[in-house]
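Here is the structure we will look at, set down as structure tokens.
Read the numbers this way: they start at 1 and go in the same order the structure lists the ligands and their atoms. Each residue takes its place number in the sequence, starting with 1. Just so you know, these numbers come straight off a predicted model, no measurement behind them. As a basis for the values below, the full set of heavy atoms in this structure was taken, side chains included, without hydrogen atoms, waters or symmetry mates.
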Amino acid sequence: MPAALSHDAPTGTWLLTTRSTSYALRVDGQGVPRHVHWGGPLTLADAASLPLAGAGPRSSFDGRTAASEELSVDGADRYGPPALRVRFADGTRALTWQADGHEQPDPRTLLLRFRDPHYPLRTTLGYRVHPDTDVIERWTELTHTGGADDRADDILALRADSATLSLPARDDYRLSHAVGQWAAETQLRRTPLPYGETVLTSRTGTTSHLAQPWAILDAGDATEEHGQVWSAALAWSGSWQITLLRTPDNQLALNLGAGHDAVTVTLRPGETHTTPPVLALHVAEGGFGALSRAWHAHLRAHVLPHPRETRPVLYNSWEATGFGVTLDNQKRLASLAASLGVELFVMDDGWFGARRDDHAGLGDWTPYPGAFPDGLRPLADEVHRLGMAFGLWVEPEMVNPDSDLHRAHPDWVLHFPHRHRTELRHQLVLNFARPEVTAWAFDWLTRLVADNDVDYLKWDMNRPFSEAGWPDEPSGRGDRLWFDHVRGYHAVVDRLRAAHPRLRIEACSGGGGRVDPAVLARTDQVWISDNTDAADRLVIQHGYTQLYPVRTMAAWVTDVPNQQTGRSIPLRFRFHSAMSGVLGVGGDLTRWRPEELKEAEQLVAEYKTVRHLVQHGELFRLRPPGDLQRLTAVQYLAADAAETAVFAWLPQPRFGLPPAPLRLAGLPRDARYRDQRNGRVHSGAALLERGLDLDLPHTDWASALVHLVRL
Ligand code: GLA
């Protein structure tokens, strides 16, 4: 294996080498960091001899090619979207690159330094490669090099993205991305990339339900199983922007960064702004499926806090008891949940302050005496006695105006002077950029966890920002809060985890409103949607797993008719849908009939026989969801191919005909597998070539789980 980082000094070329990807750039004769290559493997000699990306004749009208710089700055003859747009105090707007050396703090990290020839701005491009995955991390640091005491002017960055990534020139490009809204998150869209600029963004202050901070690109020829694919994701939990530029001469560059179009960064002398990292991942072959498996492997190896831990079967009270939680009704649910084989019982919203509905109480994090006269201990003890872990819902970044906290600290919320404070769900956003607010949050959270033996928190965030101002910000730079609120949220979670190493945390924001690699780095699972309809969920899960590991994807079985869609789907299908992720139960178990409880108990037990495959295996999306009359199927394969689990769903069979045998993936051809349902034995080759008979029942909402074990 060649070195991760190598340098050809005569040409100024740097080559970054991962297992099957090469990334090359060159600091040219003018000191400009230029892009050379991102794709299949090259030697250093290959890289040094390649022309610069986008080199070639251009008319004076076209300006410098957009896909040529490692960070597209504005100024001079550049007319594409800038990733870095600075304005100095005298009105000068362009950045001029001047190479200022490099550092290699370790064999896998490269820092390229540049300074402006006139103004006190140092720009550092950071690159990191990983020994075991094809991810290349990139970020940018901007440093105001004026001394804190030399009264230099501030420097304003109107845009400060993490990186520009350029793809090799192809005749065509296609974009895959996730769109959504509340209760309809992460819907995969795959469309030809339009010429010109395409912007994916969140302006909500959170990652948002509306879009995901990642993009997948191919030349229009990749499939789920074959072809070359490029992708990038931003590890950031606030507003963000991805700008893609496709030119008529078929160049493609994308800028990724934190903050949406209106968010600026002001640097005081001596200050450094470090952008969040972008993770860039290319697969030379294997298509979208191989790309997803490579993302899952990277996130498991380098991002998730406890990747090898198997997530327990959870019960959550929200759809059963809503805001009306009491000691008695939670004890009753807990006892039923335990009898089903549930391992973690979570009491959702409603347990604190004056929180009898969503109008009041957020911010007052002491148990509601009317429901918990002796505090939460009796419930925690009972849940533990039943052999389950105990979890609680919290929403630390929020406040209802009707709360003691807000009456005491009305200035703690995001607000502008002379503007109405817009309430959404009757709540306002606490400014987590303020140190006294994060100190308050950590203080009550750590006491809550310690005093009640809390094993698990569901950390929710139920509205986007509005009037995102901080009028009394000490340095007069209110825009900071777009970054510092997110850093404050991350910091409280990190501190809490450090203080309580056994505590596990679920990320939630009205469902999947805040999920990104930075959230995955500090939480254990994600509530990916408030939509618990088992069929809709297959669509949402399909989009979620394009990048994110199944091990983080929580899914509950709830009651019918479904609270979000009104649809009634049989229990078995609901279970199979949720069992293809991290299984949870969220129905009102006191209303389940004995035979339903019995079936649920059996399905929970069955889940436990395959969840090591679901949560830690490799995912193959055999049939995408969509048309209810078509089969949807996923397969999970053990790393050593010793076992595999297949889930299949057919909501509305056509003409009463069984679907064709389902061809599986990833199995060694000469291996032999026993179907645990019926004892039949199949060779790997037969399962790959002919396929597996699913033996689905001839009913609507047919579904199956097949566990195959190697002989
Ligand atoms: C959000 C969450 C739900 C539930 C409610 C409680 O909508 O996504 O799961 O916790 O808040 O108010």
Using a 3.5 Å distance criterion without hydrogens, assess whether the side chain of Trp440 forms a donor-acceptor pair with backbone atoms of Asp443. no

With heavy-atom distances below 4.5 Å as the criterion, would you say the side chains of Trp459 and Pro396 are in contact? yes

Answer yes or no: is there a donor N or O on one side and an acceptor on the other, between the side chain of Arg537 and the main chain of Asn531, under 3.5 Å? yes

Whether Phe352 and Trp393 hold their rings parallel, tilted or perpendicular, with breakpoints at 30° and 60°: parallel

Geometric N/O contact Gly511 with ligand 1, under 3.5 angstrom: yes

Note, Val614 side chain near Met579 side chain (heavy atom, < 4.5 Å): no

Distance to 0.1 Å, residue and atom name: give those for the protein heavy atom nearest to atom 10 (O) of ligand 1. Asp348 OD1, 2.6 Å

Any idea which protein heavy atom is nearest atom 2 (C) of ligand 1, and the distance to it? Asp460 OD2, 3.1 Å

With only distance considered, is Arg355 within less than 3.5 Å of ligand 1 through an N or O on each side? no

Short N or O distance, Ser509 and ligand 1, threshold 3.5 Å exclusive: no

Looking only at the side chains, is there a donor atom on one of Ser239 and Arg203 sitting less than 3.5 Å from an acceptor on the other? no

Counting heavy atoms only, which of Leu362, Asp349, Thr532 is nearest atom 12 (O) of ligand 1? Asp349

Mark up the atoms of ligand 1 that fall under 4.0 Å of a heavy atom belonging to Gly510, in ascending order. 1 (C), 7 (O), 8 (O)

Atoms in ligand 1 with a heavy atom of Trp527 nearer than 4.0 Å: 8 (O), 9 (O)

Neighbour count >12 (heavy atoms, 6.0 Å) for atom CZ, Arg421: yes

Partner of Ser237 under side-chain contact (heavy atoms from CB on, under 4.5 Å), chosen from Thr207, Val515, Leu520: Thr207

Atom 9 (O) of ligand 1 has as its nearest protein heavy atom Lys458 NZ, 2.7 Å

Is it the case that over 12 heavy atoms from other parts of the model lie below 6.0 angstrom from the CZ atom of Arg502? no

For ligand 1, which is the ligand I care about here, please tell me if Trp318 has any N or O atom under 3.5 Å from one of the ligand's N or O atoms. no

Atom 8 (O) of ligand 1: the protein heavy-atom neighbour that sits closest, reported with distance to 0.1 Å: Asp530 OD1, 2.5 Å

Under 3.5 Å between any N/O of Arg425 and any N/O of ligand 1: does that happen in this structure? yes

Using a strict cut-off of 4.0 Å, indicate which atoms of ligand 1 neighbour a heavy atom of Asn462. 1 (C), 7 (O), 11 (O)

Pull out every atom of ligand 1 sitting under 4.0 Å from any heavy atom of Cys508, numbered as shown with elements. 2 (C), 8 (O)

